[in-house]
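Beneath this line is the structure, given in structure tokens, with notes to follow.
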Amino acid sequence: MPPIDITDKIGFALLKKGVIDYETLEKSLKVKDSEDKKNRRNLGQILVNDFGADHDAVFREVADLYAFREIYIADENVDRSRVDFIKKYIDALPQNIRDMVVQTKMLPLKFDEKQADKLIIVACDPTDRRIPLIAREFSVKKYEVAYCRLKDLQMLLEQVIPPENEFLRLLEDSKVGIQVKEEEDENPLDEEALEAEISKSALVNLVEGALVESVRQGASDIHIVAKEGNRTEFWFRVDGGLKLWHLQEKTMPEAIAAVVKDRSKNVDRFEREMTQDGFIQRLIDDHMIRFRVSIMPIVGVEFRHKYESIVIRVLDDRKVITDLTKLGLMGPSKDFFNKAISRPQGIVILTGPTGSGKSTTLIAALHQVIDPTVNVLTVEDPVEYIIRGARQLRIGPKMNFDQAIRGILRHDPDIVLVGEMRDKTTAEIAIKLANTGHLTFSTLHTNDAPSAISRLYKMGIEPFLIAYAINIIVAQRLVRTLCMECRHPLGKDEIDKDVYLKFGFTEEDLEQNTIYEAAECSKCNGGYKGRAAIHEALYFTREIRNIIAKAGEQIDEEKLRDQAIRDGMWTLRRSGIERIKMGQTTLEEIASATTDD
């Protein structure tokens, strides 16, 4: 290595530890020397900001050199009271200082246990010159600055100061809302007036703001619904329920629809008489998010308007579960499912209504069996999530779903995902794949596992093919889970025993487990936060196959259910009861998602 005059201890330490190379160090020292002395940055800041060095690797060394102690957020009890403590100090700051807190990435964490009047401040760069300016605003006698990892501090910072939605701020500044001139009922839509309204940037900010906010609030869908009286409602689906996010008044619904169309690919803005499907892609909080746009014409009471309903599905791949253990399969369902997907051939079917998490479960299952040595093909319409290691067929004008399914047979597959067995043709090809040595995954829309067998039979699939092609049928539902911050335990005298016993609980269950009910706090939606799956896994044992193969003119679902329960199957309701006993949900929630067994 050629000689270099290393006058910076940080650079030398980082070079020794292999965090940076010689060339990067040389360049960064030149940048440092060229900067104005008054505003000169230290070498750590230059390496991170200008040369992309790992932030925590650099500043852990900086903190060590300058004797800043390190605090691990995971070791701190950061509960609601701690967040409120931090917010109290942050909310009291002037806006310009609050902005500086976000830029500097530092927070007041707590008072020192040994010195009650000393405030501990955590920062991801404890050498930042702005920290003393901010610390003075806290009006404390003493303070100590400690180093904290960037990722940990960022998560805490977002709880205390949620990231601003710049589109909503611009929307508020412009105060969108114009009075539209009333037209006679028979007059056609005035495209020039519509264009004038669309050109107002506030509508663009409204739509873009909705996209950003839906991701930050964890919504699965955005519903944009046109209403009479020049009103449009924006609803978010959060944890399975719709909640009103924004009501836009004094604006033609067609204008908002046109803005959504302009921002969507594969959509014709001037088409208002037929359904359309498109997609949007946005970088939100440093992550690429895809949105699937569905547009349908609807009827309104004002005939001069051409109303459309728009539903935008939020496809955030950070929510995709790739670890099968995180799906929430319990008891025998977990063992049956693992056994079924470990077989070299056969069909694995997921069943349930729209929005019950079938695709999530299938993708998690695929990730368990994907391997560079196998050819994994998927046919979905539309493709929602990109699955690494799979070849996903694109449905388009020149290749429809049926053609893609047929093409798969000639494409040397090992494992196949068929989005949905929608008709006899699709089902027959899936059966053929299973019978010729392929592991196949698919979905059906039925209420429970046994009725999926009846559905295939009614499609025209022979009973003996159903019996010997299928490995397992899993029925799935999503139920809201209780907020752990505010859930309320019921005392033994508060439980209506008759109701719980009739539901399927035993006296022993009620005696040994704590039953909770929903309360409500600022961190949840009516006492619930998040969702979990319940499953009914019908594994095809020899007895189940015999019952199906010997079926006459119709499938006896009750006989199948009774045999499956004898084989160890938990019904949806039984699976739900286990979640109640675990304190994760309520009887009301399970009752609304399941029927009597």
Side-chain angles (χ1 to χ4, degrees), residues 324 329-352 358 361-362 365-366 368-369 405 409 413-418 420-476 534-575 597:
L324 205 56
L329 287 155
M330 299 184 296
S333 298
K334 183 178 180 180
D335 298 331
F336 288 154
F337 195 73
N338 284 324
K339 195 173 172 183
I341 67 172
S342 299
R343 297 178 66 176
Q345 64 187 57
I347 304 178
V348 174
I349 298 175
L350 264 291
T351 182
K358 300 187 296 295
T361 301
L362 284 183
L366 267 185
Q368 303 306 301
V369 296
I405 288 288
L409 293 169
D414 295 296
I415 299 168
V416 178
L417 169 63
V418 178
E420 183 186 345
M421 290 194 285
R422 53 181 72 185
D423 51 34
K424 184 180 179 182
T425 304
T426 313
E428 281 180 336
I429 293 173
I431 295 281
K432 187 174 182 181
L433 283 163
N435 284 333
T436 51
H438 303 92
L439 182 60
T440 308
F441 296 88
S442 193
T443 66
L444 267 176
H445 287 276
T446 60
N447 291 328
D448 57 17
S451 61
I453 299 169
S454 295
R455 174 68 58 85
L456 290 170
Y457 182 76
K458 288 169 184 174
M459 280 183 183
I461 309 299
E462 294 293 337
F464 71 91
L465 288 175
I466 297 171
Y468 295 103
I470 298 173
N471 293 350
I472 194 171
I473 300 175
V474 180
Q476 179 168 310
I534 54 174
H535 301 91
E536 176 178 282
L538 196 165
Y539 186 76
F540 275 48
T541 59
R542 183 183 291 114
E543 291 76 12
I544 292 289
R545 295 186 195 280
N546 286 337
I547 292 171
I548 297 169
K550 293 174 182 175
E553 294 185 1
Q554 65 178 24
I555 301 290
D556 189 337
E557 291 182 24
E558 286 306 313
K559 191 174 181 181
L560 281 171
R561 178 180 293 279
D562 292 342
Q563 181 59 51
I565 291 171
R566 283 196 294 273
D567 292 337
M569 181 185 83
W570 283 5
T571 62
L572 283 166
R573 177 155 291 189
R574 168 72 193 282
S575 181
D597 299 331

Does a side chain donor of either [X] or [Y] reach within less than 3.5 Å of an acceptor in the other side chain?
| X | Y | result |
| --- | --- | --- |
| H438 | Q345 | no |
| H445 | T443 | no |
| E536 | T571 | no |

Practice item. Might you work through the side-chain contact (heavy atoms from CB on, under 4.5 Å) test for L465 and N435, ending with a clear yes or no? Key: CA-CA 8 Å; L465 288 175; N435 284 333; 3.6 Å; yes
*Intermediate values then yes/no, side-chain contact (heavy atoms from CB on, under 4.5 Å), F464 and I548*: CA-CA 7 Å; F464 71 91; I548 297 169; over 6 Å; no
Can you find a heavy atom in the side chain of [X] that is under 4.5 Å from one in the side chain of [Y]?
| X | Y | answer |
| --- | --- | --- |
| I349 | V474 | no |
| D567 | Y539 | no |
| E557 | I453 | no |
| E420 | T426 | no |
| I534 | W570 | no |
| L444 | M459 | yes |
| F540 | I470 | yes |
| L439 | I347 | no |

What closest approach, in Å, do [X] and [Y] show between heavy atoms, and which atom pair accounts for it?
| X | Y | answer |
| --- | --- | --- |
| Q368 | I341 | CB-CD1, 4.1 Å |
| I466 | Y457 | CD1-N, 3.7 Å |
| A340 | N471 | O-ND2, 3.2 Å |
| T440 | A434 | OG1-N, 4.0 Å |
| R545 | A469 | NH1-N, 4.5 Å |
| S451 | T446 | OG-CB, 3.5 Å |

Checklist line | Criterion side-chain contact (heavy atoms from CB on, under 4.5 Å) on F441 and V418, from CA distance to verdict | finding: CA-CA 6 Å; F441 296 88; V418 178; over 6 Å; no
Nearest 0.5 Å, please: how far is [atom2] in [Y] from [atom1] in [X]?
| X | Y | atom1 | atom2 | result |
| --- | --- | --- | --- | --- |
| Q563 | N546 | CD | CG | 9.0 Å |
| H535 | R574 | NE2 | CZ | 15.5 Å |
| T425 | I405 | OG1 | CD1 | 10.0 Å |
| L572 | D448 | CG | CG | 7.0 Å |
| L350 | I473 | CG | CD1 | 10.5 Å |
| I472 | F337 | CD1 | CZ | 7.0 Å |

Side chain to side chain donor-acceptor pair (under 3.5 Å) between T361 and Q476: does it pass, once the steps are laid out?
CA-CA 9 Å; T361 301; Q476 179 168 310; 2.6 Å; yes
Discussion item. Closer than 3.5 angstrom, by distance alone: can the side chain of K424 be matched with the main-chain N or O of I461 as a donor-acceptor pair?
Written reply: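 Flag not set: sc K424 to bb I461 has no pair under 3.5 Å.
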Can you check whether L329's main-chain N or O pairs, donor with acceptor, with S333's side chain at less than 3.5 Å?
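Side chain of S333 to backbone of L329, a donor-acceptor pair under 3.5 Å: no, none is there.
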